[in-house]
Amino acid sequence: MSGPADRVDSFAADADTSGEGTGAPAGAAGGPQDGKAAPPDIGVIGMLRWAWRQLTTMRVALMLLLLLALAAVPGSLFPQRIQDPSQVAQYIQENGAVGEWLDRLQLFDVYSSIWFSAIYILLMVSLIGCILPRTKVHWQAMRARPPKAPRRLSRMPAYRELELNGDRESVLDAAERILKRRGYRVDRRGDHLAAERGYLRETGNIIFHVALLGIVIAVALGSLFGWSGQRILVEEESFSNSLVSYDYFEPGAYFDPDRLQDFRFRLDEFHASFDTVAEGNQFGQPREFTALVTTTEDGQERQQIMRVNEPVRMDGANVYLVGNGYAPVMTVRDGSGEVVFSGAVTFLPQDGVYTSRGVIKVPDSSPEQLGFVGILLPTVSQDPETGELVSTFADLVNPYMVLSAYAGDLGLDSGIPQSVYSLDPENMRELQDPQTGEPLTLQLREGETAQLPEDLGSVTYEGTRRYVALDIRHDPVQGVTLVFSVLAFLGLTASLFVPRRRAWIRVASDSSKEPDDAVRVEVAALARGDDPRLRPEVSRLVVELQSAVPK
């Protein structure tokens, strides 16, 4: 990328024409001060022109690209609301004022923040300002004649001289055929040939920047007209693509809910495999996550397999597998023996062995509402040093549930939204063990039931299902983005590997020589930038000339 002043067909840097850094002559407005000339007063218009030149230079464009990359870093350091709003809420709650300030700075919404968008727009403007004038100059250079040979070709970095039999015209005819065969654009100028090749290098450079601009615009259009949502789905549960079915939904600025795609799917099974053979740090590491789903699209059902980075595609939307965990199936009865809660509860993994934490809220129990905070240990074991119960493996080998129980007011009727993964104990009391007076701790294996004190009922750990965290996205310009990405790769490849060269072949004239005498031929070449293959190119031209001209 460069400014309008750049000459594409020039092999040397042009003089600075921006006027930057030039001082006023003595006696100009302001006069000299302390022996230094005062800078000229360029006014508002001049300042705007200077700013535009700076914005459309390669230096500023590269700075914006680097700044955009740096601006995206917080998106990987902090949880993003578009991906996991519950994790963002938990982060803010755990970090207090720091979390609130981070939220004000939009660090949980990096890619839709004002400062990220500003860099994005400036980069797009800079690309446009680079591409348009550069394309015009390149088009003019492609139509222009190759420059004539310098007076002294021997000063070129690659130069050879030889003698060939024949007259000037026959040698130049043979040389012209050779140059054209090697991809040069040739112009005959009296006693020499001027040739040039490698315009594809600059063409590829322009294609790369146009494609980069296309990617920027396509991503922007995708965010305007596309949508994304997240949903946690437990085994044997179904999902229908409607707004009320999402745990979190992020529409584009011009999203039309009436055009939401109509599809459904059911999570039949989820399989996770963990390493049981490796030793050390590799033991227990995940090896494969596979979800078997039944999709329904246009009235047709079919089974598909979803893996990490292998989404299921339905009606232009992609369903990605981004997480998984355990959902214990719990049953709670109140003091009268009535079932007041029954179902699978999503527990969030806390470590690499899937020690999971979750909350069970029972607002319909009587005489008091009940709440439970649970820890699920997929493979329970006792720590030999501390004696605490821990999980030693991520798979469900020996599942064990540890619960703390609360009674009182859950606060669900206050109108203040609550996270399903946390319990507010402000208006609740923790139940006590009637024998020891200590806080009650319930320990259950699958199929076991524990009675609650004060005749509040019982809780049963029925079993454990798996769940998956899904990211569902629809990008109407995804195909366009792919096309521009391929063009950017091809353009960059051409700009890096296609050499830009000029060559001259001059046949010296000597009126004293007979037509059959040998003529002196000069072959020289010049490359734009460093080209280690320039000298071999001249040698190859010499060899082909010697073969083409009869001895």
Side-chain angles (χ1 to χ4, degrees), residues 6-15 136-206 493-551:
D6 290 347
R7 292 284 300 169
V8 175
D9 59 339
S10 174
F11 281 62
D14 289 336
K136 178 182 177 181
V137 172
H138 180 54
W139 175 253
Q140 293 172 346
M142 289 179 63
R143 301 180 64 186
R145 299 173 63 188
K148 65 180 182 179
R151 181 174 300 178
R152 298 182 62 179
L153 287 177
S154 58
R155 293 184 174 182
M156 294 296 103
Y159 173 79
R160 289 284 298 274
E161 184 178 331
L162 70 155
E163 289 189 352
L164 295 174
N165 293 327
D167 61 282
R168 175 194 293 172
E169 296 303 319
S170 63
V171 172
L172 289 178
D173 288 341
E176 185 173 358
R177 290 192 297 270
I178 293 171
L179 288 171
K180 287 183 176 179
R181 188 168 62 245
R182 296 193 60 79
Y184 285 88
R185 187 165 59 91
V186 183
D187 183 33
R188 197 156 180 162
R189 292 174 176 262
D191 65 340
H192 71 274
L193 298 176
E196 193 166 14
R197 62 170 292 186
Y199 281 102
L200 185 61
R201 182 188 187 97
E202 182 65 18
T203 302
N205 203 342
I206 293 176
T493 302
S495 67
L496 292 177
F497 298 106
V498 173
R500 178 77 182 277
R501 296 169 181 159
R502 283 176 179 167
W504 297 275
I505 299 179
R506 174 183 286 156
V507 179
S509 62
D510 191 344
S511 59
S512 64
K513 290 189 175 184
E514 297 295 329
D516 294 336
D517 291 345
V519 294
R520 185 170 62 89
V521 181
E522 293 179 289
V523 181
L526 177 66
R528 184 174 187 178
D530 296 331
D531 188 353
R533 295 173 294 175
L534 188 63
R535 293 180 184 274
E537 174 74 3
V538 171
S539 300
R540 195 175 295 110
L541 289 174
V542 169
V543 171
E544 293 189 18
L545 267 175
Q546 291 173 334
S547 302
V549 177
K551 299 180 180 180

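FYI, side chains are in, hydrogens and waters are out, and symmetry mates aren't considered; it's all heavy atoms of this structure. Just so it is clear, the structure is predicted and the values come from calculations on it, not from any experiment. We count residues from 1, following the sequence as given.
Proximity of Y159 to L153: side-chain heavy atoms (C-beta onward) are separated by under 4.5 Å at one or more points. Between V523 and I505, some side-chain heavy-atom pair lies under the 4.5 Å cut-off. V519 is not listed as a side-chain neighbour of R168, based on a closest heavy-atom distance of 4.5 Å or more. Taking 4.5 Å as the limit, every side-chain heavy atom of R540 sits out of range of all side-chain heavy atoms of R533.
Note that the CD atom of E522 and the CE atom of M156 stand 11.0 Å from one another [nearest 0.5 Å]. With rounding to the nearest 0.5 angstrom, the CG atom of L172 is 5.0 Å from the CG atom of L193. The distance from the CD1 atom of I206 to the CG atom of L200 is 11.0 Å, given to the nearest 0.5 Å. Atom CG of D191 is separated from atom NZ of K148 by 10.5 Å, given to the nearest 0.5 angstrom. The line from CG of L545 to CG of L179 is 7.5 Å long, rounded to the nearest 0.5 Å. Interatomic distance, L541 CG to I178 CD1, rounded to the nearest 0.5 Å: 7.0 Å.
Looking only at distances, a side-chain donor or acceptor of R201 sits under 3.5 Å from a matching main-chain atom of V498. The backbone N or O of P150 sits less than 3.5 Å from a side-chain atom of R506, completing a donor-acceptor pair. Without hydrogens or angle criteria, W504 side chain to P147 main chain gives a donor-acceptor distance under 3.5 Å. Checking side-chain atoms of R189 against main-chain N and O of P146 turns up a donor-acceptor pair under 3.5 Å.
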Could you check R145 against R185 for side chain to side chain contact (heavy atoms under 4.5 Å, CB included), going step by step and ending with a plain yes or no? CA-CA 9 Å; R145 299 173 63 188; R185 187 165 59 91; 5.6 Å; no
What verdict does the side chain to side chain contact (heavy atoms under 4.5 Å, CB included) test give for D531 and E537, after you've listed the backbone C-alpha separation in whole Å, the side-chain angles of each residue and the deciding distance to 0.1 Å? CA-CA 10 Å; D531 188 353; E537 174 74 3; over 6 Å; no
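Here the rule is salt bridge (charged side-chain N to carboxylate O under 4.0 Å, His left out) with E544, and of R160, R177, R181 only R181 fits it.
Closest non-hydrogen pair, A141 versus Y199, comes out as O-OH, 3.2 Å. Smallest separation of non-hydrogen atoms from A158 and L534: CB-CG, 3.8 Å. Annotation for S495 and G204: closest pair CB-C, 4.2 Å, computed over non-hydrogen atoms.
Not counting sequence neighbours, the partners of R188 by the salt bridge (Lys or Arg N to Asp or Glu O under 4.0 Å) test are E169, D173, E176.
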